[in-house]
Structure formats: C-alpha cells, structure tokens
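Contents: one structure, followed by commentary.
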Amino acid sequence: SQTIHQWPATLVQPVGSPLSLECTVEGTSNPNLYWYRQAAGRGLQLLFYSVGIGQISSEVPQNLSASRPQDRQFILSSKKLLLSDSGFYLCAWTQGQNEQFFGPGTRLTVL
Amino acid sequence: AQTVTQSQPEMSVQEAETVTLSCTYDTSESNYYLFWYKQPPSRQMILVIRQEAYKQQNATENRFSVNFQKAAKSFSLKISDSQLGDTAMYFCAFMTLFTGNQFYFGTGTSLTVIP
C-alpha cells in the first residue's frame with residue numbers, strides 16, 4: 001500500500017533562517033506531487049506541483065521554492081523565512097484519475 | 001478559471017440528525033472529478049467521497065452521500081445520523097485532467113456535531 005511521509009511534524013524557526021521540509025511517498029511510482037499551505041482556519045493554497053523529476057510548477061509568487069530530486073521525494077525550501085511563511089504545510093500525491101492523498105502535515109511557526 | 005465556493009463557513013447539527021453542506025464550482029471542462037475531504041482537529045486530510053462528472057448517479061459512502069447537479073454545477077454533501085466524530089472541517093474539491101491533475105479546494109465548512 002501507499003504511504004506518504006512528511007517531516008518534521010513541527011518546526012519553529014526565526015525570521016531570516018532557511019527552511020527545508022521533506023515529503024516522501026512509498027508504494028507508488030511517478031506520482032504527481034503537491035505542496036499546499038493552510039493558514040489557521042483557512043482553506044488550502046496550492047504552492048507547487050510536480051509531474052516528474054525536476055519538473056516544478058509554481059502557483060503563486062512567494063518566498064518559497066520546491067524541488068523534486070527523486071521520483072518520490074518532494075522538498076519545500078526557503079533561503080530566508082518571513083513571518084508570513086508561518087502556517088500548516090501539507091504534501092499530497094495523486095496518480096491518474098484518483099483522489100489526492102495527503103501527508104500528516106508540518107506546522108511551521110516563524111518568530 | 002476553475003473555482004470552488006463553499007458559502008457556509010460554519011454549521012452545526014445535533015447528534016443523530018442530518019446536515020447538508022453546500023458546494024458550487026465553476027469550470028469550462030466537461031470531464032472532471034469532485035471530492036469531499038474531511039479535516040478533523042488532527043489536521044489529517046481524509047477523503048470522504050468522490051464523484052465522477054460523467055456519472056449521473058450520486059455517490060454514496062455509508063452515512064455520506066452527495067447531490068450532484070452538473071448543470072447547476074452544484075455538489076452538496078449530506079451527512080446522515082451525524083456522529084460526534086463527524087466534527088471537522090469539510091472541504092469540497094474539484095480536479096481537472098489538465099497537466100498535473102490540479103485540484104481546486106473550497107475555503108471549507110467547519111461542522112460541529114452537538115451532543
């Protein structure tokens with residue numbers, strides 16, 4: 001069966017520090033991968049999606065970047081965090097005409 | 001542009017009663033998929049139910065069913081015999097078959113089941 005992992009689960013970082021969130025998927029190959037951000041009590045904002053290794057599409061201009069160095073690995077990064085980067089980050093995958101499966105999320109607090 | 005609208009930010013229902021959550025969407029596509037996701041306090045996103053646009057029959061999963069009105073672009077979720085564990089945020093989502101199979105989510109409805 002397929003599983004999706006995200007780490008860390010919780011992160012507190014100072015403004016101006018770098019960020020690296022990792023997402024890995026097991027039990028499938030060539031998935032579409034997604035990064036979402038969810039502000040408190042709000043909906044999901046799509047940040048990036050990827051249809052293959054090295055292929056990244058960005059939905060909104062921002063302080064973040066994404067990379068897909070391996071088929072089942074998706075990384076969200078920032079060189080310098082802003083206060084506005086605080087939120088709950090969700091990684092998801094899908095394949096074919098199926099629903100998205102979500103990871104457990106990372107709660108990021110920028111102080 | 002693809003949009004999903006959930007016009008009810010918050011709802012409540014008595015335990016064992018029935019509640020309906022509304023969702024409308026806008027698309028020019030003819031082939032797409034619709035979903036309802038549940039996000040309990042743990043914040044894990046859980047699929048509740050899915051509907052293929054080409055199917056006229058409404059999807060049903062145990063106590064959960066949808067009313068899919070394609071012409072009206074409406075996709076409501078009915079929860080029967082509400083249980084305390086149904087308390088969660090519910091998101092309506094829409095998927096196109098464009099590159100990346102992009103999903104579009106509504107802003108969510110916070111449902112509280114009252115004992």
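- A single hydrophobic cluster is seen to contain both B:L84 and B:M11, as judged by linkage of ILVMFWY side chains at heavy-atom distances under 4.5 Å, directly or through other members.
- A single hydrophobic cluster is not seen to contain both A:L64 and A:W7; linkage of ILVMFWY side chains at heavy-atom distances under 4.5 Å, directly or through other members, places them apart.
- Under a hydrophobic clustering in which Ile, Leu, Val, Met, Phe, Trp and Tyr are joined whenever their side-chain heavy atoms come within less than 4.5 Å, directly or via other members, A:W93 and A:L47 fall into the same cluster.
- With sequence neighbours left out, B:D81 forms a salt bridge (charged side-chain N to carboxylate O under 4.0 Å, His left out) with no residue at all.
- Side-chain contact between B:F91 and A:L44: present, with at least one pair of heavy atoms (C-beta onward) separated by less than 4.5 Å.
- Below 4.5 Å, heavy atoms of chain A meet heavy atoms from B:L47, B:R50, all part of residues 46-56 of chain B.
- The part of A:L90 that comes within reach of chain B is its side chain, from C-beta onward, which places non-hydrogen atoms under 4.5 angstrom from that chain.
- Around atom NZ of B:K73, more than 12 heavy atoms belonging to other residues, nucleotides or ligands sit under 6.0 Å away.
- Between A:Y36 and B:F105, the distance separating the two ring centers is shorter than 6.0 angstrom.
- Taking non-hydrogen atoms and a 4.5 Å limit, the residue list of residues 104-111 of chain A in contact with chain B, ordered by number, reads A:P104, A:R107.
- A distance of 8.0 Å separates CZ of B:F35 from CD of A:Q100, quoted to the nearest 0.5 Å.
- Heavy atoms of other residues, nucleotides or ligands lying less than 6.0 angstrom from CG of A:N30 number more than 12.
- The hydrophobic clustering, which links ILVMFWY residues whose side-chain heavy atoms are closer than 4.5 Å, places A:L21 and A:V15 together.
- Proximity of B:Y37 to A:F102: side-chain heavy atoms (C-beta onward) are separated by under 4.5 Å at one or more points.
- Qualifying ring pair (Phe, Tyr, Trp, His ring centres under 6.0 Å) partners for B:Y25, counting only residues two or more places apart in sequence or in other chains: B:Y32, B:F94.
- No single ILVMFWY cluster, assembled from side-chain heavy atoms under 4.5 Å apart, contains both A:V12 and A:F88.
- In this structure, chain A has a heavy atom under 4.5 Å from the side chain of B:M95, while its backbone stays farther away.
- To the nearest 0.5 Å, the span separating CD on A:Q38 from CE on B:M45 amounts to 7.0 Å.
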